[in-house]
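The structure appears right after this line, and notes come after that.
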Protein chains: 2
Amino acid sequence: MDNIKNQFTKRSITPITPPKNHSSSSANPLLTPQEKKLIAKLQHHRKKNTRLSSSHPRKNHNHPLSKNLKIIALGGFEEVGKNCVAIEYEHDMILIDLGFQFPEKDMLGVDYVLPDLTYVKKNIRKLRGIVISHGHLDHTGGLPYLLPQLKHVPVFATQLTCDLIKKRLEEFPDVTASLKPIRPEQDKIRLGQFSIEFFRVNHNIPDSASVVIHTPEGTIVYSGDFKIDFTPAHDDSADLQRIAAIGSQKVLALLSESTNASEPGLTISEREIGENLNIAFSRCHGRIIIATFSLLLSRIQQIINSAHKLGRKVTFLGRSMLQNFEIATKLKYYKIPRGILISPKEINKYPDDQIVIIATGSQGQESSAVGRMALGEHRFVKLRKGDTVILSSSPIPGNEKSIYTMIDNLIRQGAKVIDDKSMDIHASGHGSITDLKLLITLLKPKYLIPDHGSLHMRAAHAQIGQDLGMPEENTIMLDNGQIAEFHRGQLVSTKGKVPSGLVFVDGLGVGDVGNIVIRDRQQLAGDGIIVIIAQIKKENSPSDESNIDIISRGFVYMKSADSLMKELKKKALNIVNHRGENGQLDLTNIRNHLRDDIGSFVFDRTQRRPMIIPVTIEI
Amino acid sequence: MDNIKNQFTKRSITPITPPKNHSSSSANPLLTPQEKKLIAKLQHHRKKNTRLSSSHPRKNHNHPLSKNLKIIALGGFEEVGKNCVAIEYEHDMILIDLGFQFPEKDMLGVDYVLPDLTYVKKNIRKLRGIVISHGHLDHTGGLPYLLPQLKHVPVFATQLTCDLIKKRLEEFPDVTASLKPIRPEQDKIRLGQFSIEFFRVNHNIPDSASVVIHTPEGTIVYSGDFKIDFTPAHDDSADLQRIAAIGSQKVLALLSESTNASEPGLTISEREIGENLNIAFSRCHGRIIIATFSLLLSRIQQIINSAHKLGRKVTFLGRSMLQNFEIATKLKYYKIPRGILISPKEINKYPDDQIVIIATGSQGQESSAVGRMALGEHRFVKLRKGDTVILSSSPIPGNEKSIYTMIDNLIRQGAKVIDDKSMDIHASGHGSITDLKLLITLLKPKYLIPDHGSLHMRAAHAQIGQDLGMPEENTIMLDNGQIAEFHRGQLVSTKGKVPSGLVFVDGLGVGDVGNIVIRDRQQLAGDGIIVIIAQIKKENSPSDESNIDIISRGFVYMKSADSLMKELKKKALNIVNHRGENGQLDLTNIRNHLRDDIGSFVFDRTQRRPMIIPVTIEI
């Protein structure tokens, strides 16, 4: 019954290969801790891959079509980001969301990480379309890079989401998207054997939707990012009636997001944030500079409202803030009181207590508007005593240090700083335990598949399902690449696997930077590089010091390492002039010795392991 | 009166120099965002330095002795870590604490960061001794590296602190320390004109002391890290009577730690943690593996007590855990029930519900005991369903990602994980707002100098002082390097400055890695390196492709970049064979063109900026 599983065991675009000659890295004293760490990771991945490819040998394609409905976890099941799920039945497949992930700190030089779509590309003839739940980059960011490989199939999303995707694609002139706006309350679309509708949910970007996929084997609901806000600021509340109605028609499986599955209670309401912003604003006597996410449109509307109440003018600073303000204005999203908007150049025409500046920089980015103010480098705004900077946001994990550095610099410039630790001036867009319970209770799915989160978040979410009375085996934990197969309303297998490597975007390259390149970067980052260029005479006469050049970067401040460099040169010369017993010139052997002997020597003297590159030139 | 200030404007060991040719980095389109960020930092530092050196030209040393008491902020005033303060009066100087800091994520390859002691070394004849408040590395870690430069002056600390320093110094055979154990309740020491006593405080390492320095100009109290625990688990409570008595004798200035100055209330008591551990343990039916800080001796005692209550055996895993257990045992710190300790090899001899393993790994370190268990690589412990891993600790900022990766892997191995988010099983060692208020109220200092923390933490602490009625000008905010001078019970200046750069430890090198090396490492980390080796014929005959070698590392996976490399070679050959109008061979010019033209070409094609190193060899 699961004879189709694992037919594709081909490796991902960026093959994860273990380094040569290291069967057991943890015992190898020649490796740095960094290298050991990387190798351990690689082995972990390899184990997963090996197990699969050995137990499920590649089969040819001419098998009878499986009658199983497949939910394929492609991304967002072992991380926060690069969300992507495929749903497949017979000749038809759709993708839901196609996000990217920001790189982990050891993925040096990588811009973004994409989900591995090897399986989808192999089955491209089945792909009927891509459905996007909302406009955040962890749900849309993969489109510019992957649409061309997916034959530009149509993309279905709400109006704002379509507009945001379109805006981003302007930077990719070669990519055209066939964008199909849908209205969550009214539209039903048909893609192959799938009939798809939507319902409205709350999130910290408007026009967020959950996706309902009716299949011949049952109905699947994909929550996307959501929270239940009974008193949203500017949107309508999530459509609980409609959700309940869908739940009353039997839901086979709910894929639901796990970001805040460990947070107790119901996520704080956006309107409460608005009230707190009013309080915060009323305490300020100078200029107010407020940073938030540029796509948090309802927050920005609330800020405008608070400003209006106090008779303050409003201006916007920062590229993405201006860009998204423009998009939202076109969609008539904002209600802007007449005469409240001013241009950044007019800031100094008004008294300090009549100014509100809405700016980018809530994550401590140095190139953002508030980031530049913190460094005293902003064109229009020089901070001074009396200014208040409000960060109406929370740190995205990993950004804490940059944010606190920025706060320190803001204080140094004389500003007072209010962040979400000092006051409830930010609400998460993700549902907490009660929100998640509410969705499960309204939909009454037979199976719960926690998605959008790494293992511990999804495990907490599975526990919530079990706390609501679901049997443990009905809360399905999938890894990236894993397939859940259903037949006649029953889960029949989770053993199938498709490739699930990491695809790195670096500059213009998609997938051309793999683990070998990253490992080199890690070594270069840790201890730099030494290049030894040796000119070796063909005739059997010895080289002298003028034939040896040593160049290093990132290793040691060269002027203070004069004697070390002299010793290195001497050592290299010895190696070069030591010919084998038969007097034959063996360049490979010389290069090996240069690398290994100089490497050990440098380590003994400095406890550092720069990359050593020997170059031999016969003259 | 402050004629002594800024006499030393010499740069720190690691000079912060701006990169060449970039007067305004933010506008320069040739720079990567990473480079711009670094340059902005450098310029920020430079501005600070320039201002000082220009307004206070270097003076000679033969000035009349200042009668001012000086408190010199050497480290821990712009960061968490490398705590160090100098107190100077006439011919006498002492240091309090000498810690190191763990590197920020952009300090690639750096092991530790030390405070800049240029000023102390210049005045080494004044230095009477070093007083250490407690045994954590942010207070002691600089000793092995800096004691030799400080003529091995005596070091005063409590017994446990001395023992921990001694243990660490075993790894530095060339460093000898003259360690002088002191008893907080009884000993008073005299160093020059300073008379010094101590009082006991609570912290998450035993034998922590605050330092009271009686000077001819008044009494200074240095809190060190502390909290007020009315019900500590195994230590005595902080000695409030003694603190009050010191406060009744007029305190000129209080240097007090700011780590938790934004946390409301009183820090949770250690005994409450013990009770929660009892509850957590009683819910476990399999093995308990518990990770905590190896120096949190009172926590470890509570874990032993909880294990004893349930009839479980206890064993220890992890190098630092074993090492510090040994030290604490020698000091008779622990009360170990007879027969409770077993060796790691005996774990499998007992039923699962009779085992408690106390292990390293609370910060997600992959090489720690729990870290290896998470990867399935631990020699003695293979995790399985039924095991519970308890992290009785909180993440040190920056470690969050590693910890959650470890938790994910622990869950994957089948274990249940309890961390301090799910239960109150860890108490910070640092005082919250109420603790800080209590110390200020008991000591009634005229001046408050918040230390141990970056600006926003110290600003919050200054606000606490002001909330207690201190005038704003009596809450003194110092940067690293800044001097507060007092005369006749009054603050007379905060304008003086001493060098305050960052001194990097990398392997065996102290100070030989500066910002130039770090900048190179950042470039190498981001996009790798391309080395172009061109053999150029002296006689005016053109080179051919066999004369050009191109080597790259960390740039792109070479096998997939074949055509790019061919183009590079061709381009390099063109440059090499293009001689000036007069036909002269200008190697410098060729190298410049190789670097710049190949650099632009590579950027156009890949949007990456690898470091380009041209090497020319005349043949």
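Every chain is numbered from 1, with letters handed out A, B, ... down the list of sequences.
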Under 4.5 Å to a heavy atom of chain A? For B/Val531 that would be side chain
When A/Leu410, A/Asp408, A/Asp111 are compared by non-hydrogen pairs under 4.5 Å with chain B, the top option:
A/Asp408
May I ask you to name which of B/Arg372, B/Lys401, B/Arg458, B/Glu400 has the most heavy-atom pairs under 4.5 Å with chain A?
B/Lys401
Who wins among A/Val417, A/Ile407, A/Ile411 for the most heavy-atom pairs under 4.5 Å with chain B?
A/Ile411
Could you tell me which portion of A/Phe603 (side chain, backbone, both or neither) has an atom closer than 4.5 angstrom to a non-hydrogen atom of chain B?
neither
Rounded to the nearest 0.5 Å, how far does CD1 of A/Ile548 lie from CD1 of A/Ile532?
8.5 Å
Heavy-atom check, side chain of A/Asp419 versus side chain of A/Tyr404, under 4.5 Å
yes
Under 4.5 Å to a heavy atom of chain B? For A/Glu79 that would be neither
If you count heavy-atom pairs under 4.5 Å with chain A, which of B/Ser454, B/Ser367, B/Ser262, B/Gly509 comes out on top?
B/Ser454
How about A/Ile518 and A/Val110: do any of their side-chain heavy atoms sit closer than 4.5 Å?
yes
Side chain, backbone, both or neither: which part of A/Asp604 has a heavy atom under 4.5 Å from chain B?
backbone
So do the side chains of A/Leu455 and A/Met477 get within less than 4.5 Å of each other, counting heavy atoms only?
yes
Applying a heavy-atom distance below 4.5 Å, give me the residues of residues 611-619 of chain A that approach chain B, sorted by number.
A/Met611, A/Ile613, A/Val615, A/Ile617, A/Ile619
Residue among A/Ala460, A/Gly528, A/Gly109, A/Gly554 with most heavy-atom pairs under 4.5 Å to chain B
A/Gly554
Best-contacting candidate, B/Val556, B/Ile529, B/Asp506, against chain A by heavy atom pairs under 4.5 angstrom:
B/Asp506
Flag the one option from A/Asp520, A/Asp549, A/Ile533 with the top tally of heavy-atom pairs under 4.5 Å to chain B.
A/Asp520
Do the non-hydrogen side-chain atoms of B/Ile530 and B/Ile551 ever get within less than 4.5 Å of each other?
no
Over all atoms of both residues, closest heavy-atom pair of B/Ala525 and A/Ala525:
CB-CB, 3.5 Å
Please round to the nearest 0.5 Å and tell me the distance separating atom CG of B/Asn399 and atom CE of B/Met406.
10.5 Å
Under 4.5 Å heavy-atom distance to chain A, tell me which part of B/Arg605 shows up: side chain, backbone, both or neither.
backbone
Looking at B/Phe504 versus B/Tyr112, is the centre-to-centre ring distance below 6.0 Å?
no
Minimum side-chain heavy-atom gap A/Gln523-B/Leu524 below 4.5 Å:
no
What's the verdict on salt bridge (charged side-chain N to carboxylate O under 4.0 Å, His left out) for B/Arg608 and A/Asp512, showing C-alpha distance, side-chain angles and the deciding distance?
CA-CA 12 Å; B/Arg608 297 178 202 171; A/Asp512 67 340; 2.7 Å; yes
Do A/Arg412 and B/His456 have side chains that approach each other closer than 4.5 Å (heavy atoms only, starting at C-beta)?
no
Is any side-chain heavy atom of A/Glu263 closer than 4.5 Å to a side-chain heavy atom of B/Lys421?
yes
Chain B: which of A/Arg521, A/Arg553, A/Gln607 shares the most heavy-atom pairs with it under 4.5 Å?
A/Arg521
Checking heavy atoms, do the side chain of B/Thr606, its backbone, both or neither come under 4.5 Å from chain A?
backbone
Flag the pair B/Gln413 / B/Val389 as yes when at least one side-chain heavy-atom distance between them is below 4.5 Å, and no otherwise.
no
